[in-house]
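Reviewing the structure listed below.
These numbers were taken from a predicted model, which means no experiment stands behind them.
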Amino acid sequence: MSKKNKKEPEQTEEIKETEVIDEAEETAEPQTEETVEIDEEDDTLVVDPKDLEIADLKDKWLRTAAEYDNYRKRAAKERLELTPEITAKTLTEFLPVMDSLEHALAAPCSDPGYKKGVELIKENFVTALQNLGVEEISSDGEPFDPMYHQAVQQVEKEDAESGTVAATFQKGYKIGDRVLRFAMVSVVK
C-alpha cells in the first residue's frame with residue numbers, strides 16, 4: 001500500500017468519532033431528577049453536587065417567598081392598626097377651625113349676608129366631620145364623665161344636681177369610642 005492509502009482510513013476514523021460525539025451532545029437531555037448512586041465498595045450513597053446545590057437554592061427561594069409573604073401580612077396589619085390613629089390626629093388638627101367658626105358666629109355682626117356665609121361654612125364643616133365619624137360630646141346638663149369631660153372649674157348651682165356639668169368652655173369631640181378632644185367643663189359641687 002501507498003502512504004496515501006494509509007492516511008485515508010485514519011482521517012475517516014477521526015471524522016466518524018467527531019460525528020458520534022456531536023450526535024451524543026445533541027441528543028443528550030438535561031437531568032431533571034436527582035442522581036443518586038450507591039458506592040459498591042462501602043455501600044454509601046453518592047449524591048450529585050449539582051442536585052445538592054439545586055435543593056439548597058430551592059430551599060432558599062421557598063424561605064425568601066415565605067419571609068416576603070409574612071412581611072406583606074405584617075405590613076397590612078400595621079397599616080390597619082395605624083389608620084384610626086392617623087385619622088384621629090388629622091381630625092384633631094381641624095377642631096380649632098370649628099372653634100373659630102363658632103366664635104365668629106357668636107360675635108355681633110351687622111352684615112346678615114356675612115353671618116349667613118359663616119353659618120353655611122360651619123354647616124358644611126360639621127357635615128364633613130360627621131361623614132368621617134366625628135361626634136360632638138354632649139356636656140351641658142349631663143352627668144360629669146371623666147372619660148369624656150375635663151373639669152376645669154367647680155361651681156355652686158342650686159337648680160342643678162351635684163356632679164353634673166354646669167357649663168361648657170370648649171366642646172369635646174370623639175370618633176367612635178376614641179376621644180379626639182375632651183370637653184372642658186365646669187362641674188356643680
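- Under the 3.5 Å distance criterion, the side-chain polar atoms of Thr168 are left unmatched by any main-chain donor or acceptor of Val185.
- Here the straight-line distance linking atom CG of Leu62 with atom CG of Leu57 works out to 11.0 Å at 0.5 Å rounding.
- With sequence neighbours excluded, the residues forming a side-chain contact (heavy atoms from CB on, under 4.5 Å) with Phe125 are Phe94, Val97, Met98, Leu101, Leu129, listed by chain and number.
- The shortest distance between side-chain heavy atoms of Tyr173 and Ile137 does not fall below 4.5 Å.
- Put simply, Phe169 and Phe144 are part of two different groups of oily side chains (I, L, V, M, F, W, Y) that touch within less than 4.5 Å, one to the next.
- Closest non-hydrogen pair, Ala183 versus Ser139, comes out as CB-CB, 4.4 Å.
- Sequence neighbours left out, the pairs with a member in residues 67-85 that pass side-chain hydrogen bond (donor to acceptor under 3.5 Å, both in side chains) are Asp69-Arg72, Asp69-Lys73.
- Here the side chains of Gln130 and Val134 are not in contact, with every heavy-atom distance at 4.5 Å or above.
- In the hydrophobic clustering, where aliphatic and aromatic side chains (Ile, Leu, Val, Met, Phe, Trp, Tyr) are joined below 4.5 Å either directly or transitively, Ile86 groups with Leu82.
- Here the NZ atom belonging to Lys116 is positioned 5.0 Å from the CG atom belonging to Leu120, to the nearest 0.5 angstrom.
- Going from atom CG of Leu91 over to atom CZ of Arg178 covers 10.5 Å, rounded to the nearest 0.5 Å.
- Between Asp56 and Lys60 there is a salt bridge, since at least one side-chain N of the basic residue sits less than 4.0 Å from a carboxylate O of the acidic one.
- Contact annotation: the side chain of Thr87 approaches that of Ile175 to within less than 4.5 Å [non-hydrogen atoms, C-beta and beyond].
- A donor-acceptor pair under 3.5 Å links the side-chain atoms of Lys115 to the main chain of Leu105, judged by distance alone.
- Val155 and Ala166 get closest at one heavy-atom pair: CG2-CB, 3.6 Å.
- Side-chain contact between Val179 and Met147 is absent, with no heavy atoms from C-beta onward closer than 4.5 Å.
- Remark: Ser186 pairs with no residue by the side chain to side chain donor-acceptor pair (under 3.5 Å) rule, at least two apart or across chains.
- Under the side-chain hydrogen bond (donor to acceptor under 3.5 Å, both in side chains) criterion, the residue pairs touching residues 88-104 are Asp99-Gln170, Asp99-Arg181, Glu102-Lys171, with sequence neighbours excluded.
- Between Ala104 and Val118, the shortest heavy-atom distance links the atoms CB-CG1, 4.1 Å.
- Pairs passing the side-chain hydrogen bond (donor to acceptor under 3.5 Å, both in side chains) check and including a residue from residues 141-159, sequence neighbours excluded, do not occur.
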